[in-house]
Amino acid sequence: MSKIAKLLACLPLLAAVPAAAGEGPVTVELFTSQSCYSCPPAEAFLGELAGMPGVVALEFHVDFWDDLVYGSAGQWKDVFSSPANTTRQRAYNQRIRGRSSAYTPQMVIDGEFEAVGSHRQDVLGAIESAREGERLSVAVSIPAAGGISVDVDGPVAGSAAIWLVRFERQRTTEICAGENKGKMLVNHHTVQAVRRIGDWDGDATTVSLPDFSLAPGEGCAVLVQGSAPGPVLGAALCPAGGA
């Protein structure tokens, strides 16, 4: 059986069983740009991954394409681009590939594996490999009084930060210049902000954010990860009701 077939075959089981300590979703981060001609297929694939059970899919738009002038098509500044996203990607590449140079589209899986974002079989194979690792259980709930509550527990040793990632669920942008001039690009789970909300030190931890809320069309995820981008020890999407 191919890696793709095995992955798709196990997804319904993953969806039906609540995450326990040592289990949980795999995080996939796509580094992309609206100014990158080869990126739209990877962005469409990220949209598919965002709908898969057992996957936390996030789209980070880098800024190193923003200054490119593409002949008569001119220059396009990605409406989602951020220097912080570029820094995050370069840190991953330094750790995983031993070099600070970066490329797009690139997917980073659980902070440990990387692949070209449009190479579906490589990405799905990396997701399968990431599932074999032990991970923390992360549960995000909405208290009756509002806000959100995050519970982290599990058998993984060490310490890490607890990060809240806010994203826009979906947006279509008409590209008026640059390599993708004339295209209508659809972006999914596009990261707007990453905020440290607490720390995990090896013991069961609860973080409450009573004043937290999301605007219509927004979603969020929680990642347990070191201060510098590295292995994702646990992750969860916020409940849809939080939006």
Side-chain angles (χ1 to χ4, degrees), residues 1-11 25-66 68 70-71 73 76-82 85-131 165 167-175 177-191 221 229 232 235:
M1 184 181 291
S2 70
K3 288 183 177 180
I4 297 177
K6 287 192 292 183
L7 176 65
L8 295 178
C10 74
L11 285 176
V26 172
T27 301
V28 179
E29 301 175 48
L30 170 64
F31 292 92
T32 186
S33 171
Q34 292 179 331
S35 299
C36 160
Y37 182 79
S38 59
C39 287
E43 293 167 357
F45 182 32
L46 192 280
E48 295 178 35
L49 293 174
M52 281 188 180
V55 175
V56 172
L58 301 169
E59 196 170 283
F60 289 83
H61 287 236
V62 298
D63 69 345
F64 53 79
W65 283 90
D66 288 354
L68 174 71
Y70 188 67
W76 177 258
K77 185 184 185 305
D78 189 326
V79 300
F80 296 118
S81 66
S82 163
N85 294 343
T86 300
T87 299
R88 183 179 184 88
Q89 184 188 19
R90 287 180 173 157
Y92 273 135
N93 276 274
Q94 185 64 55
R95 183 182 179 280
I96 298 171
R97 302 170 64 225
R99 60 189 73 175
S100 59
S101 60
Y103 68 90
T104 55
Q106 181 183 33
M107 286 188 181
V108 174
I109 298 91
D110 258 5
E112 295 195 274
F113 308 94
E114 66 89 24
V116 176
S118 54
H119 291 184
R120 300 171 65 96
Q121 187 167 353
D122 291 344
V123 171
L124 291 172
I127 291 173
E128 228 185 329
S129 296
R131 290 196 194 283
V165 183
F167 58 80
E168 187 168 344
R169 293 185 182 278
Q170 182 173 312
R171 190 200 297 186
T172 301
T173 305
E174 180 181 2
I175 309 302
E179 285 195 341
N180 288 316
K181 182 179 180 179
K183 294 182 180 179
M184 301 291 288
L185 299 186
V186 182
N187 297 108
H188 308 266
H189 287 204
T190 308
V191 172
V232 176

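Note that the numbering runs from 1 along the sequence shown for the chain.
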Check your understanding: Restricting to pairs with a member in residues 96-122, which pass ring pair (Phe, Tyr, Trp, His ring centres under 6.0 Å), not counting sequence neighbours?
Key ->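 Pairs touching residues 96-122 that pass the test: none.
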
Point to revise | Under the salt bridge (charged side-chain N to carboxylate O under 4.0 Å, His left out) test, residues paired with K77 that sit two or more places apart | key: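 If we apply the salt bridge (charged side-chain N to carboxylate O under 4.0 Å, His left out) test to K77, skipping adjacent residues, the hits are D66.
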
Exercise for review: Please list, chain by chain and in numerical order, all residues satisfying salt bridge (charged side-chain N to carboxylate O under 4.0 Å, His left out) with E179, sequence neighbours excluded.
Suggested key: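 By the salt bridge (charged side-chain N to carboxylate O under 4.0 Å, His left out) rule, E179 matches no residue at all.
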
With side chains defined as the heavy atoms from C-beta onward, is the minimum distance between [X] and [Y] less than 4.5 Å?
X    : Y    : answer
S33  : S81  : no
F31  : Y92  : yes
L124 : E128 : no
L68  : S35  : no
R171 : F80  : yes

In chain order, what residues pass the side-chain contact (heavy atoms from CB on, under 4.5 Å) check against [X], with sequence neighbours excluded?
X    : result
A115 : D122, V123
A91  : P229
V186 : Q170, T172, H188
T87  : none

Practice item. Identify, with sequence neighbours excluded, every residue that meets side-chain hydrogen bond (donor to acceptor under 3.5 Å, both in side chains) alongside E112. Key: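 So E112 forms no side-chain hydrogen bond (donor to acceptor under 3.5 Å, both in side chains) with any residue.
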
Practice item. Please name all residues satisfying side-chain hydrogen bond (donor to acceptor under 3.5 Å, both in side chains) with N85, sequence neighbours left out, ordered by chain then number. Key: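 N85 satisfies side-chain hydrogen bond (donor to acceptor under 3.5 Å, both in side chains) with no residue once adjacent residues are dropped.
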
[X] [atom1] to [Y] [atom2] distance, which is reported to the nearest 0.5 Å:
X    : Y    : atom1 : atom2 : answer
S100 : R95  : OG    : CZ    : 15.5 Å
R97  : E114 : CZ    : CD    : 5.5 Å
I96  : I109 : CD1   : CD1   : 8.0 Å
C39  : L30  : SG    : CG    : 7.0 Å
Q106 : S118 : CD    : OG    : 11.5 Å

Review point. Tell me, which pairs form a salt bridge (charged side-chain N to carboxylate O under 4.0 Å, His left out) where one or both residues lie in residues 28-39, sequence neighbours left out?
Key: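 Only E29-R88 qualify under salt bridge (charged side-chain N to carboxylate O under 4.0 Å, His left out).
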
Give the table of side-chain donor-acceptor pairs shorter than 3.5 Å for residues 42-63, with sequence neighbours excluded, one pair per line with atom names and distance.
residue, atom, partner, partner atom, Å
E43, OE1, N187, ND2, 3.3
E43, OE2, T32, OG1, 2.6
E48, OE1, R120, NH1, 3.4
E48, OE1, R120, NH2, 2.8
E48, OE2, R120, NH1, 3.2
E59, OE2, H61, NE2, 2.7
E59, OE2, N187, ND2, 2.7
H61, ND1, D78, OD1, 3.2
H61, ND1, D78, OD2, 2.7
D63, OD1, T86, OG1, 2.6

Exercise for review: Specify the closest pair of heavy atoms between A177 and W76, including all atoms of both residues, with the distance to one decimal.
Suggested key: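 That closest heavy-atom pairing would be O-CB, 3.3 Å.
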
